[in-house]
Amino acid sequence: MQTIDRAMHVIKVLNDSDIKRWYSITDLSKECELPVSTMHRLLQSMIKHGLVQQDPDLKLYSMGNTWLEYGLKMYDTYDFVGLIRPEMEKLMQEVEECVYFSKPIGFESLVMERIDCPHNPIRIYDQLGIRIPLNIGAANKVMLANMPKTEALSIVNQLVSKEDTESFLQQLESIRKQGYGESHEERTKGTSSVAAPIFNHSNEIIGAVSIGYVNFNLSEEKQRYLIEQVIQYGIRISAKLGRRQ
């Protein structure tokens with residue numbers, strides 16, 4: 001039992017930081033209050049099982065890929081996946097563009113699901129599992145805008161410069177009131193996205209549904225249509241997850 005407790009303490013240290021991803025054995029020993037020799041034996045055992053990985057050049061440690069494998073298997077069993085994906089597929093068919101589901105994690109978001117449009121030869125491709133700072137992109141801003149104000153402010157203070165904080169907070173307030181967010185060429189030139197929040201049964205923000213598209217020659221009518229659709233499907237998905245208006 002002691003070995004399991006120690007191993008989980010190591011994983012907790014590796015997982016808890018939103019900024020630091022790699023640790024030296026000295027840092028881990030201090031955080032876990034274990035001798036370096038004991039920590040070395042523990043890490044070697046965890047590496048064998050894929051629970052920890054080591055950079056061969058820097059000799060630093062981070063979480064292993066086994067956690068990703070187990071996490072994806074668990075993710076596939078969550079009820080909300082079965083509820084959200086069919087709605088995302090319908091939205092993709094309606095707008096004929098790529099559709100995403102993103103979830104906030106710390107100071108970043110995680111792209112957890114993507115539905116590509118098979119009929120659209122031009123695709124906006126964001127890899128599943130990619131992490132994006134929460135101050136960038138339509139999906140992230142719409143999630144920030146609907147978080148509790150103290151939580152959102154704490155994140156904004158970490159990611160946005162002091163001189164831009166006030167205008168950024170005003171932007172979030174506008175997004176919250178209008179019910180959707182927009183992003184134009186923030187990450188990739190020539191691309192845009194629109195997003196709407198997704199809430200659970202407790203009216204807590206759990207993510208965002210977004211549409212990614214190429215903005216070349218996009219008409220105002222089509223852009224309004226994309227906004228209307230993403231808002232509608234954000235409401236539909238939230239209702240499926242038990243949100244009450």
Side-chain angles (χ1 to χ4, degrees), residues 1-78 100-114 126-137 139-141 143-144 147-165 168-169 172 186-188 204-208:
M1 290 299 295
Q2 186 183 46
T3 302
I4 295 175
D5 290 339
R6 287 175 172 177
M8 293 311 299
H9 194 177
V10 171
I11 293 302
K12 187 175 188 303
V13 170
L14 294 174
N15 182 63
D16 276 356
S17 176
D18 292 311
I19 300 174
K20 189 172 182 179
R21 300 296 179 194
W22 294 84
Y23 284 77
S24 68
I25 191 170
T26 303
D27 290 340
L28 287 173
S29 297
K30 289 179 180 178
E31 292 284 347
C32 298
E33 299 180 349
L34 290 173
V36 172
S37 58
T38 302
M39 179 59 65
H40 181 266
R41 290 194 297 271
L42 182 60
L43 289 171
Q44 292 307 305
S45 179
M46 295 176 74
I47 287 172
K48 289 181 182 179
H49 294 282
L51 302 177
V52 168
Q53 61 180 325
Q54 183 185 30
D55 185 303
D57 298 320
L58 299 176
K59 306 299 182 183
L60 300 178
Y61 299 86
S62 70
M63 291 181 64
N65 292 327
T66 295
W67 298 103
L68 176 61
E69 178 186 349
Y70 292 164
L72 288 174
K73 288 180 179 179
M74 285 189 64
Y75 162 81
D76 197 43
T77 66
Y78 284 163
Y100 301 88
F101 171 66
S102 303
K103 184 178 179 64
I105 300 178
F107 297 119
E108 301 170 314
S109 72
L110 190 68
V111 178
M112 298 192 67
E113 190 62 279
R114 183 188 73 243
D126 277 331
Q127 186 177 6
L128 288 180
I130 189 173
R131 290 177 177 266
I132 305 170
L134 276 173
N135 62 316
I136 299 174
N140 291 356
K141 290 177 185 177
M143 290 187 287
L144 263 180
M147 287 180 183
K149 290 188 176 181
T150 54
E151 181 181 353
L153 182 59
S154 175
I155 294 172
V156 170
N157 285 337
Q158 290 289 329
L159 299 177
V160 180
S161 63
K162 289 183 178 180
E163 56 267 26
D164 294 330
T165 296
F168 188 82
L169 291 174
L172 293 184
E186 281 193 84
R187 296 184 61 234
T188 307
E204 299 168 330
I205 185 76
I206 64 162

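Nothing fancy with the numbering, it's 1 onward along the sequence.
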_Between Leu34 and His9, is the side-chain contact (heavy atoms from CB on, under 4.5 Å) condition met? List the steps._
CA-CA 11 Å; Leu34 290 173; His9 194 177; over 6 Å; no
*Please lay out, stage by stage, how Trp67 and Ile11 fare under the test side-chain contact (heavy atoms from CB on, under 4.5 Å).*
CA-CA 10 Å; Trp67 298 103; Ile11 293 302; 3.5 Å; yes
_The test is side-chain contact (heavy atoms from CB on, under 4.5 Å); show your working for Leu134 and Met147 and say whether it passes._
CA-CA 12 Å; Leu134 276 173; Met147 287 180 183; 4.1 Å; yes
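Shown here for Thr38 and Arg6, the closest heavy-atom pair between the two residues is CG2-NH1, 3.5 Å. Nearest heavy atoms, Tyr100 versus Val111: CD2-CG1, 4.0 Å. Residue Ile136 comes nearest to Ile132 through the heavy atom pair O-CG2, 3.9 Å, listed as atom of the first residue, atom of the second, then distance. Here the shortest heavy-atom pairing between Cys32 and Val13 reads SG-CG2, 4.1 Å.
At most 12 non-hydrogen atoms from other residues, nucleotides or ligands lie less than 6.0 angstrom from CD of Glu33.
With values rounded to the nearest 0.5 angstrom, Met39 atom CE is found 10.5 Å from Asp27 atom CG. The distance from the CG atom of Leu14 to the CD atom of Glu31 is 10.0 Å, given to the nearest 0.5 Å. In this structure, CZ on Arg131 lies 5.0 Å from CD1 on Ile105, to the nearest 0.5 angstrom. Atom CD in Gln158 sits 10.5 Å away from atom CG in Leu153 (nearest 0.5 Å).
With a 4.5 Å cut-off on side-chain heavy atoms, Glu151 and Ile205 do not count as touching.
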For residues 43-57, dump all side-chain donor-acceptor pairs below 3.5 Å to protein atoms at least two apart in sequence or in another chain.
from, atom 1, to, atom 2, distance (Å)
Gln53, NE2, Ser62, OG, 3.2
Gln53, NE2, Met63, O, 2.9
Gln54, NE2, Tyr61, OH, 3.1
Asp55, OD1, Asp57, N, 2.8
Asp55, OD1, Leu58, N, 2.9

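Of the possible polar contacts, none joining the Ser154 side chain to the Thr150 backbone as a donor-acceptor pair under 3.5 Å is found.
Considering only residues two or more places apart in sequence or on other chains, Ser161 meets the side-chain hydrogen bond (donor to acceptor under 3.5 Å, both in side chains) condition with Asp164. Taking the side-chain hydrogen bond (donor to acceptor under 3.5 Å, both in side chains) definition, one finds that Ser102 meets it with nothing, sequence neighbours left out.
The only option from Val160, Val156, Leu172, Asn140 that meets the side-chain contact (heavy atoms from CB on, under 4.5 Å) definition with Asn135 turns out to be Val160.
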